[in-house]
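Only one structure is covered here, and it is reproduced in the block below.
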Amino acid sequence: MRTKLIAGNWKMNASKPMVRELVAGILAQLDADRDAEVMVLPPSPYLSLVHSLTESTPVLMGGQDLSAHESGAYTGEVAGSMLADCGCSYVLVGHSERRSLHGEGDELVAAKFVAAQASGLQPILCVGETLEEREAGQTEAVVSRQIQAVIDQAGIAAFARALVAYEPVWAIGTGQTATPDQAQVVHAAIRGQLAAGSATIGGRVRILYGGSVKADNATELFACEDIDGGLIGGASLTAESFMAIYRAA
Ligand code: 13P
């Protein structure tokens with residue numbers, strides 16, 4: 001049984017008043033009887049504030065990115081150990097905005113995955129195809145290549161302490177969600193690829209769906225066999241829309 005996870009990727013959106021209001025709203029709507037976890041992924045400067053507001057609550061916290069390096073002369077970068085020090089237990093690696101806007105390739109993403117685990121963080125490995133790749137019938141090949149790069153560097157056993165997020169690039173921030181069938185096919189392929197290396201790990205790894213998830217499409221998506229929750233962007237910025245998705249899980 002894989003516990004559903006609803007994770008809010010705030011991207012580059014925050015201010016102190018907004019963080020206080022959003023976290024208070026999330027905490028007020030948490031339901032101890034509901035078997036789903038909630039995570040927030042704030043921009044780095046707000047991690048300590050969010051940690052202070054959530055540390056004695058069930059709300060989990062992660063970073064949005066980390067450096068592949070441990071420490072040193074890397075101006076502007078944030079190390080996994082720093083995220084852990086500020087209260088994170090998770091971190092996104094390979095989000096499509098990092099891949100496309102910051103030129104992160106499969107090898108760097110895999111190095112970040114390894115660096116995250118070396119700092120005691122659980123990486124959430126983001127994968128997904130562009131519209132062009134989907135239309136060319138390459139969806140599964142692209143996603144499989146992105147996953148394989150991490151298996152090659154980190155080993156299959158590393159996925160016992162990691163999550164995967166399938167985020168079709170064409171669905172991110174566009175209002176165009178993958179249909180439950182489209183998403184389920186890719187989720188099953190990801191699980192199958194991991195299960196080929198280890199049946200136990202394939203069966204246990206949580207695979208989130210991301211890309212224009214809203215309360216009104218979440219129920220159908222989360223009902224799919226291999227979809228274990230959501231990675232939410234725009235709809236995670238107000239407690240009302242985020243927690244409506246949580247209730248859908
Ligand atoms: P949207 O929910 O805004 O489409 O963003 C998805 C995403 O990129 C989450 O990481």
Side-chain angles (χ1 to χ4, degrees), residues 3-32 34 36-72 74-98 101-102 112-113 115-126 161-163 165 167 172-173 208 210 213 215 229-247 249:
T3 305
K4 290 267 193 295
L5 170 65
I6 308 304
N9 175 10
W10 297 353
K11 307 192 179 184
M12 201 173 73
N13 300 289
S15 66
K16 285 184 185 173
M18 173 243 178
V19 167
R20 290 184 196 284
E21 188 184 332
L22 177 50
V23 173
I26 292 171
L27 293 174
Q29 295 180 56
L30 272 184
D31 179 353
R34 214 170 273 276
E37 293 180 333
V38 171
M39 184 188 299
V40 292
L41 301 135
S44 294
Y46 296 92
L47 289 171
S48 290
L49 172 59
V50 173
H51 182 56
S52 71
L53 298 170
T54 57
E55 63 183 324
S56 52
T57 78
V59 174
L60 305 167
M61 187 175 76
Q64 297 178 8
D65 179 42
L66 82 164
S67 170
H69 301 283
E70 274 176 38
S71 63
Y74 301 101
T75 301
E77 294 287 282
V78 174
S81 59
M82 298 171 186
L83 296 177
D85 208 17
C86 290
C88 291
S89 340
Y90 298 84
V91 63
L92 299 180
V93 298
H95 190 279
S96 76
E97 287 149 19
R98 301 294 317 174
L101 303 175
H102 301 269
K112 290 186 173 197
F113 183 105
Q117 291 193 329
S119 300
L121 300 169
Q122 288 211 35
I124 303 173
L125 170 65
C126 303
R161 293 175 292 120
L163 292 88
E167 298 203 305
I172 295 178
L208 310 179
V213 177
L231 182 55
I232 322 298
S236 72
L237 296 176
T238 68
E240 194 190 358
S241 51
F242 186 54
M243 296 309 274
I245 295 170
Y246 163 76
R247 284 187 290 276

Between S67 and A115 the two heavy atoms that sit nearest each other are O-CB, 3.8 Å

Should E37 and I6 count as side-chain neighbours, where that means a heavy-atom distance under 4.5 Å?
no

Rounded to the nearest 0.5 Å, what separates atom CH2 in W10 from atom CG in L22?
4.5 Å

Rounded at 0.5 Å granularity, tell me how far CZ in F242 sits from CG in L237.
10.0 Å

Here the pair of heavy atoms bringing V50 nearest to P42 is CG2-CG, 3.6 Å

If you define the side chain from C-beta out and look only at heavy atoms, does anything of Y246 sit under 4.5 Å from L30?
yes

Answer yes or no: is there an ion pair linking E97 with K11, defined by an N-O contact shorter than 4.0 Å?
yes

List the atom of H69, the atom of A79, and the distance in Å for their closest heavy-atom pair.
O-CB, 4.1 Å

Check for a donor-acceptor pair, side chain of S241 on one end and backbone N or O of A235 on the other, with a separation under 3.5 Å.
yes

Heavy-atom check, side chain of L125 versus side chain of L163, under 4.5 Å:
no

Identify the two heavy atoms, one from M39 and one from I124, that lie closest to each other, and give their separation to 0.1 Å.
SD-CD1, 3.8 Å

Worked verdict on S119 versus L83 for side chain to side chain contact (heavy atoms under 4.5 Å, CB included)
CA-CA 9 Å; S119 300; L83 296 177; over 6 Å; no

Assess whether side chain to side chain contact (heavy atoms under 4.5 Å, CB included) is satisfied between V78 and L66, documenting all intermediate values.
CA-CA 5 Å; V78 174; L66 82 164; 5.9 Å; no

Are D31 and R247 ion-paired here, with the side-chain N under 4.0 Å from a carboxylate O?
no

Are more than 12 heavy atoms from other residues, nucleotides or ligands located less than 6.0 Å from atom CD of E77?
yes

Any side-chain donor near an acceptor of the partner, Q64 and R98, under 3.5 Å
no

Considering all heavy atoms of both residues, which atom of G63 and which atom of L41 are nearest to each other, and what is their separation?
O-CD2, 3.4 Å

Is any side-chain heavy atom of T238 closer than 4.5 Å to one of M243?
no

Measure the CG-NZ distance between L92 and K112 for me, rounded to the nearest 0.5 Å.
11.0 Å

Donor-acceptor pair, T54 side chain versus T57 backbone, under 3.5 Å?
no

Under a 4.5 Å cut-off applied to non-hydrogen side-chain atoms, are C88 and L47 in contact?
yes

Value for CZ (R20) from CE (M18), rounded to nearest 0.5 Å, stands at 13.0 Å

Which atom of S96 lies closest to which atom of I172, heavy atoms considered:
OG-CD1, 3.2 Å

What distance do N9 atom CG and H95 atom NE2 have between them, rounded to the nearest 0.5 Å?
5.0 Å

When rounded to the nearest 0.5 angstrom, what distance separates SG in C86 from CE in M61?
7.0 Å

Could you walk me through whether V59 and V23 pass side chain to side chain contact (heavy atoms under 4.5 Å, CB included), step by step?
CA-CA 9 Å; V59 174; V23 173; over 6 Å; no

